[in-house]
Amino acid sequence: MNWGRSLLFFGIPGLLIYVGIAYLVPLLTEQVVPLIVSWTLALWGPIVLLLAVVMVQYTQQPNPKPFSQRFRFHRLTRRDWLLILGALLIVQVCELFLAPTGAFFAQFSFFAPPAIIPDLFNPTFRIEEGLTHLLGVPVQGNWWLVLFWLGWLVINIGGEELLWRGYALPLQEEVFGRYAWLVNGLLWNLLIHYFMRWNFLTLMPISLIIPYLVQRQKIPGSVSSSMVLAISCFS
């Protein structure tokens, strides 16, 4: 997967997510579609669609590699667990110090958030203030939001890691060699997360550490490095 194909593979879903959040969400809001529905469609629709295409392509190959081998699943060793815990600590510390940069960049027009943005993604929101609404739905009394959020995590972790680390990274290694993790992480940050462009510095540590773990430390991307992402989502 050379530069051209990498830009398309990361850029097209990134563009669709951006367009969905910037234009589809306001349009659906005018039609009184709940924010929890419109944001879910705009954010995860392109990811689910691309994942379906990748899975179909994989199953239609003449002699496909075993799924665990192609998408790099294997049992975690003690060394893997130690590296994951170390990476988690680094990510948490870096994000703690870099978090204020989101609100800073959001002041400028290029980095400004979309017109309709939930507290969860708002760079000026502070979690210590208390999350009273999740995507427009009151948190108090709505226990089903726990299952909904778990569903988001499954798509986030399973879909993103299968696509960017399980599928794309091995193909990028054929072209970029030992530096494929760097290309993978930068494209993941700058293109897939363009809809959160004000947070590009905050997301940089996790964007680079996860593909580094997968390629250079041989840790399975869809299993172990995803734990770093999952725990970061709850922090």
Side-chain angles (χ1 to χ4, degrees), residues 6 9-11 13-14 17-18 21 43-44 46-47 50-51 71-72 76 79-106 111 113 117-118 120-123 125-127 131 149-150 152-170 172-173 176 178-235:
S6 294
F9 191 77
F10 286 78
I17 293 172
Y18 167 75
I21 289 174
L43 182 56
W44 298 121
I47 299 297
L50 181 58
L51 183 60
F71 293 91
R72 296 183 171 177
L76 297 177
R79 169 185 171 276
D80 293 338
W81 281 110
L82 292 175
L83 286 172
I84 293 168
L85 292 174
L88 175 60
L89 178 62
I90 293 173
V91 167
Q92 294 293 294
V93 171
C94 289
E95 289 188 352
L96 177 65
F97 285 100
L98 292 174
T101 63
F104 170 76
F105 283 110
F111 297 98
I117 182 170
L120 194 63
F121 296 94
N122 195 327
F125 176 74
R126 294 291 175 264
I127 194 66
L131 187 65
W149 182 243
L150 289 175
W152 262 48
L153 286 180
V154 169
I155 298 175
N156 185 10
I157 298 166
E160 287 204 339
E161 291 308 305
L162 282 173
L163 287 172
W164 319 131
R165 254 62 66 185
Y167 178 80
L169 184 56
Q172 290 175 317
E173 289 174 10
F176 301 107
R178 62 182 300 178
Y179 298 106
W181 65 272
L182 182 60
V183 176
N184 185 282
L186 290 175
L187 292 180
W188 186 41
N189 184 330
L190 301 177
L191 297 185
I192 295 299
H193 292 97
Y194 180 74
F195 76 99
M196 293 177 60
R197 54 201 172 280
W198 58 89
N199 264 349
F200 77 98
L201 279 182
T202 306
L203 293 172
M204 193 63 73
I206 195 170
S207 297
L208 296 180
I209 285 175
I210 289 181
Y212 179 84
L213 287 176
V214 176
Q215 182 187 7
R216 301 297 295 276
Q217 300 300 326
K218 307 303 180 184
I219 296 179
S222 300
V223 180
S224 56
S225 60
S226 297
M227 295 178 188
V228 177
L229 181 60
I231 297 175
S232 296
C233 289
F234 281 108
S235 62

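In what follows, every heavy atom counts, from backbone to side chain, and hydrogens, waters and symmetry copies are set aside. Not measured: the values here are computed from a predicted model. The first residue of the sequence shown is numbered 1, and numbering continues consecutively from there.
Shortest non-hydrogen contact noted between P13 and I192 is CG-CD1, 3.8 Å. Scanning all heavy atoms of the two residues, the minimum distance from I117 to P123 falls at CD1-CD, 4.3 Å. Of all heavy-atom pairs between L163 and L51, the closest is CD2-CA, 3.8 Å. Across all non-hydrogen atoms, the minimal contact from P211 to L169 is O-CD2, 4.0 Å. Nearest heavy-atom pair, F9 versus A168, reported as atom, atom and distance to 0.1 Å: CE2-CB, 3.8 Å. Scanning all heavy atoms of the two residues, the minimum distance from Q215 to E173 falls at CG-OE2, 3.3 Å.
To the nearest 0.5 Å, atoms CH2 (W81) and CG (L83) are separated by 12.0 Å. S6 OG to L191 CG: the interatomic distance, rounded to the nearest 0.5 Å, is 10.0 Å. Atom OH of Y194 sits about 13.5 Å away from atom CD1 of I17, to the nearest 0.5 Å. Annotation: the span from I155 atom CD1 to L43 atom CG amounts to 9.0 Å, rounded to 0.5 Å. The CE atom of M204 sits 5.5 Å away from atom CG of L190, with the distance rounded to the nearest 0.5 Å. Put simply, CG on L98 and CG on L201 are 6.5 Å apart, with the number rounded to the nearest 0.5 Å.
Residues meeting the ring-ring contact (aromatic ring centres under 6.0 Å, His included) test with F176, sequence neighbours left out: W3. Taking W44 as the reference, W152 meet the ring-ring contact (aromatic ring centres under 6.0 Å, His included) condition, with sequence neighbours excluded. Considering only residues two or more places apart in sequence or on other chains, W181 meets the ring-ring contact (aromatic ring centres under 6.0 Å, His included) condition with Y212.
Inter-residue side-chain proximity for P113 and W198 is flagged as met; some heavy-atom pair is nearer than 4.5 Å. Residues L50 and Y167 fail the side-chain proximity criterion, which asks for heavy atoms closer than 4.5 Å.
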H193 vs N199, side chain to side chain contact (heavy atoms under 4.5 Å, CB included): CA-CA, chis, key distance, verdict: CA-CA 9 Å; H193 292 97; N199 264 349; over 6 Å; no
Could you walk me through whether W188 and I210 pass side chain to side chain contact (heavy atoms under 4.5 Å, CB included), step by step? CA-CA 11 Å; W188 186 41; I210 289 181; 4.1 Å; yes
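Ring-plane geometry between F105 and F111 is classed as tilted, the angle between the planes lying from 30 to 60 degrees on a 0 to 90 degree scale.
Side-chain N or O atoms of N184 include one that pairs as donor or acceptor with a backbone N or O of W164 at under 3.5 Å.
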